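Please read the structure below before turning to the comments.
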Amino acid sequence: MESQKKFAPTFSFEFFPPQTQEGTEKLRATRRQLAQLNPKFFSVTFGAGGSTRDRTLETVLEIQAEGYAAAPHLSCIGSTSENIRTMLQKYRDGGIRHIVALRGDLPSGMAQGGEFRYADELVKFIRKEFDDAFHIEVASYPEYHPQANSAQDDLRNFKRKVEAGADSVITQYFYNADAYFRFIEECEAMGIGIPIVPGIMPINKFSQLARFSDACGAEIPRWIRKKLEGYGDDSASVRAFGLDVVTDLCDRLLQAGAPGLHFYTLNSAGLTTTIWQRLGL
Ligand SMILES: Cc1cc2nc3c(=O)[nH]c(=O)nc-3n(C[C@H](O)[C@H](O)[C@H](O)COP(=O)(O)OP(=O)(O)OC[C@H]3O[C@@H](n4cnc5c(N)ncnc54)[C@H](O)[C@@H]3O)c2cc1C
């Protein structure tokens with residue numbers, strides 16, 4: 001963890017762009033609450049294949065106009081360089097200085113195509129066309145990306161993104177701190193020394209978490225899965241147990257020198273705020 005200890009911890013919160021007026025109001029309230037925790041930035045996801053392009057843009061510009069730093073996610077799969085360039089120009093013109101650069105996943109049924117195959121190509125493109133206008137975050141997977149041929153291949157592919165010009169990294173969520181510690185060791189052995197901030201998913205509903213986790217390859221350890229399954233419809237117990245597990249995880253990560261935490265808030269402030277308070281941040 002030596003490579004990570006030298007960075008001052010940064011904290012950030014992730015949202016998805018709301019689809020309705022009610023969702024927009026709820027997100028504003030969530031943001032007001034989380035803004036009190038003084039995060040480094042709020043990030044806003046980008047729907048597969050560009051499905052939320054306009055809503056992501058609107059949401060980040062609103063956050064920026066409120067005086068907070070906003071970081072749009074941008075996925076390149078299925079897109080043309082012209083589309084990506086136009087979006088980046090709009091972001092730059094709107095005062096955005098921070099991008100989370102991703103490959104993304106095409107929605108099932110949507111044909112491949114587009115000019116980008118992997119996220120490292122997007123990072124290279126941003127650096128070539130926009131120089132240092134943006135701080136670029138990329139994604140990493142301490143439990144490895146589900147489509148990777150092997151752990152070793154995935155690490156080599158991750159290194160390409162760093163070499164292409166990424167400034168820092170947010171990980172996929174995980175509940176096994178040792179996977180993160182080992183991942184950092186492997187990155188250090190490969191000479192990767194930029195901040196790799198753990199992504200944290202608070203536990204709210206077991207069925208939803210199980211679905212997400214199966215899709216993105218994040219493991220729910222058996223003991224956690226069994227406990228959550230055992231609570232059935234008792235959502236208060238699921239949340240109470242989830243808070244204990246995730247607070248312990250965050251505590252272990254920060255104690256070991258993780259350079260901050262990035263919370264997948266799912267547009268709700270409650271669980272994230274409770275974890276924050278319990279950590280004494
Ligand atoms: C922090 C975070 C935020 C996210 N936000 C969003 C979002 O807003 N919208 C969204 O749709 N998705 C989002 N995702 C999900 C992400 O888009 C998927 O995990 C996607 O499958 C991979 O994206 P990537 O940028 O990591 O891809 P890449 O880094 O391109 O990797 C994808 C796969 O290709 C392999 N690979 C990479 N480069 C090469 C190469 N040169 N040759 C061969 N194989 C290669 C990798 O090993 C990996 O298996 C997010 C994920 C994280 C961790």
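Note that the structure is predicted; figures quoted are calculated from it, not measured. Both counts, for ligands and for their atoms, begin at 1 and track the order of listing. The first residue in the sequence is number 1, and the count goes up from there.
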Plane angle bin for Phe158 and Phe183 - parallel if under 30°, tilted between 30 and 60°, otherwise perpendicular: tilted
is_close_aromatic(Phe116, Phe125), centroid dist under 6.0 Å: yes
Atom pair CG/CD1 of Asp244 and Ile275 - distance to nearest 0.5 Å: 10.0 Å
Residues which pass ring pair (Phe, Tyr, Trp, His ring centres under 6.0 Å) with Phe181, listed by chain and number, not counting sequence neighbours: none
Which pairs of N or O atoms, one from ligand 1 and one from the protein, are separated by less than 3.5 Å, and what is the distance for each pair?
unit_1	atom_1	unit_2	atom_2	d
ligand 1	5 (N)	His73	ND1	2.9
ligand 1	8 (O)	Phe46	N	2.9
ligand 1	8 (O)	His73	ND1	3.0
ligand 1	9 (N)	Phe46	O	2.6
ligand 1	11 (O)	Phe46	O	3.4
ligand 1	17 (O)	Gly104	N	3.2
ligand 1	19 (O)	Tyr141	OH	2.7
ligand 1	21 (O)	Arg103	NH2	3.0
ligand 1	21 (O)	Asp105	OD1	2.6
ligand 1	21 (O)	Asp105	OD2	3.2
ligand 1	21 (O)	His145	NE2	2.7
ligand 1	25 (O)	Arg103	N	2.7
ligand 1	26 (O)	Tyr141	OH	2.7
ligand 1	26 (O)	Lys161	NZ	3.3
ligand 1	29 (O)	Lys161	NZ	2.7
ligand 1	30 (O)	Ala119	N	2.8
ligand 1	36 (N)	Asn157	ND2	3.3
ligand 1	41 (N)	Arg160	NE	3.3
ligand 1	44 (N)	Asn157	ND2	3.3
ligand 1	47 (O)	Asp154	OD1	2.6
ligand 1	47 (O)	Asn157	ND2	2.9
ligand 1	49 (O)	His145	ND1	2.9
ligand 1	49 (O)	Ala148	N	3.4

Contacts of type ring pair (Phe, Tyr, Trp, His ring centres under 6.0 Å), residue Phe11, not counting sequence neighbours: Trp276
Set of ring pair (Phe, Tyr, Trp, His ring centres under 6.0 Å) partners for His73, sequence neighbours left out: none
